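The next block holds one structure in the form of structure tokens; read it before the comments.
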Amino acid sequence: MLSSKGIDNMMKYLVLLALLGLSQAYHNPHAKHGRQAIVHLFEWKWNDIAAECERFLAPKGYAGVQISPPAESILLTSPWRPWWERYQPISYNLCSRSGNENELRDMITRCNNVGVNIYVDAVINHMCGAGGGEGTHSTCGTYFNAKKMDFPSIPFSSFDFNEGKCKTASGDIENYNDINQVRDCRLVSLLDLALEKDYARGKVADYMNKLIDMGVAGFRVDASKHMWPGDLTVIYGSLHNLNTRWFNGGSRPFIFQEVIDMGGEAIQTSEYFPLGRVTEFKYGAKIGTVFRKWNGEKLSYTKNWGEGWGFMPDGNALVFIDNHDNQRGHGGGGNTILTFWDARIYKMAVAYMLAHPYGVARVMSSFRWNRTDDWQGPPSHEDGSTKDVHVNADDTCGDGWVCEHRWRQITNMATFRNVVTGQPHSNWWDNGNNQVAFGRGNRGFIVFNNDDWHLDVTLNTGMPGGAYCDVISGQRDGGRCTGKTINVGDDGRAHFKISNTDEDPMVAIHADSKL
Ligand code: QV4
Ligand code: CA
């Protein structure tokens, strides 16, 4: 028989378990078929995303897509249609530069039908800038008056904004070390919603619930640092379960919150851990420094990559090499951030991320811009409408679309991540410099040469003996390998030669690339 004290302790333990369970409810991406990587199709139109899910993402094994904000936003003409107009909502009508509500619904349905999840970039901290004017210069012609804080289509009025609460003279955030300013004042003059009010919370939740009911799997929550965790807890708590047409009953939406925490600011990512995952901005900043070999960093120092480098706990992290902000100098990271403009080491960094077990990984898919004009919007026609994504015969993209996710080395590493899921980081090797190798149990192995000399070494891969196709220089095509072949002996050892002048100075093999 248990004593009453014993029962009491047991009850406390059960309550704790329940809380822990709940606190992980929003951390699961609900990926299908063991797929792992998410791709951000920045500024793509809904019709193009639907086609991409069917023709590329599902067959290649991408888990999901982060889409650009789907709500109606301001339409700016000076500068001409900047990409960032989408971060200034005017209404919650699903009518954006990427398409209308029917096109959005069709995309969500078609992607779900091939097992590719859709994650919505939710801009819920604010509406448009205070200087946004009055009229119908919005993506679908909905009237608003920024000066009066009047957004009649929702409706939001001045009562729904944080006016009285912000204590700075400008009304804008002036000091990031003052938590109250960061959360109650305007981020670059954007009209700040009073999310402690039931009415405003309800309108935001209605918007998100409409998307959940349409079939989305979760949200990137924009500017989370600028919202009180307590307010977000209530909003997330009022969200519906995911649509059971595609997801298990009782599934909570996947939430990943944008909080830039490079250390040294008053607000830390840890405040958001119980609520959902959080963007780990240190990851891309550090990996850029390592691959650029700046500040004396070496690839060999990444043996304990992940939490060992002071990153957040694995179960909380959403990781990426670059995002739509820091690839063009907005947001966190500075000039260490690697992008497609530095293609050779960028591919290595993305491969490293996809091979490594830490975090939920997001691949960036960009459009080109004139590098002195960081505001430039997506490839567009004269009238400002976004161009179709052009796909070339060799699977790459053109007409201004970069499609990093279609680069063979990156696509094949997204597959690698799927094949090695659940396997431990193993068989580490390094030369004390910038040549390293590691495996994922007996399912995959990768070797990098970021030194200025050749690599020529025999390593224990941990893989079953046989011939494997390197998925960086090529891929398995039936029984044939279009790239280098790597022979693994029955003892698991294999010989690797990688020239520092190779197009891609790395080699990767996995269980499904066995010939
Ligand atoms: C400017 C001045 C203000 C001034 C105002 C006067 O900066 O001080 O008061 O004019 O009207 C654009 C302009 C910006 C302008 C603002 C309002 O670039 O100069 O203010 O509009 O008119 C994106 C862009 C921003 C853009 C914004 C809205 O990056 O440049 O601002 O969209 O269009 C912090 C945050 C983090 C944020 C990051 C960029 O903690 O949350 O900055 N990241 C997210 C998104 C990002 C987006 C927003 C947040 C806002 O990833 O893309 O900002 O939704 O680190
Ligand atoms: Ca705020």
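First listed ligand is number 1; within each ligand, the first listed atom is number 1. Because the structure is a prediction, the values reported are computed rather than measured. Heads up: numbering here begins at 1 and tracks the sequence.
With atom 42 (O) of ligand 1 as the reference point, the heavy atom nearest to it among Leu187, Ile74, Asp222 is part of Leu187. Closest heavy-atom approach to atom 21 (O) of ligand 1 within the set Met227, Glu258, Arg86, Gln88: this belongs to Gln88. Nearest-heavy-atom check against atom 16 (C) of ligand 1 across Val182, Val188, Ile260 picks out Val188. Taking all heavy atoms of Trp375, Tyr87, Trp84, Tyr176 into account, the minimum distance to atom 47 (C) of ligand 1 is reached by Tyr87.
With no hydrogens or angles considered, no side-chain donor-acceptor pair links His226 and Asp192 at under 3.5 Å. A donor and an acceptor atom, one from each side chain of Asn145 and Asp150, are nowhere located under 3.5 Å apart. Counting only N and O atoms by type, the side chains of Tyr346 and Gln327 include no donor and acceptor under 3.5 Å apart.
Ligand 1 is approached by Arg220 to a heavy-atom distance shorter than 4.0 Å. The closest approach between Phe281 and ligand 1 stays at or above 4.0 Å for every heavy atom of the residue. Ligand 1 lies out of reach of Arg186, whose nearest heavy atom is not under 4.0 Å from it.
Remark: ligand 1 atoms within the under-4.0 Å shell around heavy atoms of His126 are 50 (C), 54 (O). Counting atoms of ligand 1 from 1 in the listed order, those under 4.0 Å from a heavy atom of Asp172 are 8 (O), 9 (O). Close approach to His324 involves these atoms of ligand 1, each under 4.0 Å from a residue heavy atom: 45 (C), 46 (C), 51 (O), 52 (O). Near Ala223, meaning under 4.0 Å from one of its heavy atoms, ligand 1 places the atoms 41 (O). Ligand-side atoms of ligand 1 in range of Ser189: 4 (C), 5 (C), 6 (C), 9 (O), 11 (O), 17 (C), 22 (O), range being under 4.0 angstrom from any heavy atom.
Residue-to-ligand polar distances keep Lys225 apart from ligand 1: every N/O pair is separated by 3.5 Å or more.
Relative ring orientation between Phe156 and Tyr92 is described as perpendicular, the plane-to-plane angle rising above 60° on a 0-90° scale split at 30° and 60°.
Here the angle at the Ca ion (ligand 2) defined by O in Arg183 and OD1 in Asn125 stands at 160°, rounded to 10 degrees. Taking the Ca ion (ligand 2) as the apex, the angle formed with OD2 of Asp192 and O of His226 is 160°, to the nearest 10 degrees.
In this structure, the side chains of Tyr352 and Phe291 come closer than 4.5 Å at one or more pairs of heavy atoms.
Electrostatic pairing of Arg292 and Asp342 counts as a salt bridge here, judged by a charged N lying under 4.0 Å from a carboxylate O.
Between the side chain of Arg417 and the main chain of Met413, no donor-acceptor pair closer than 3.5 Å is present.
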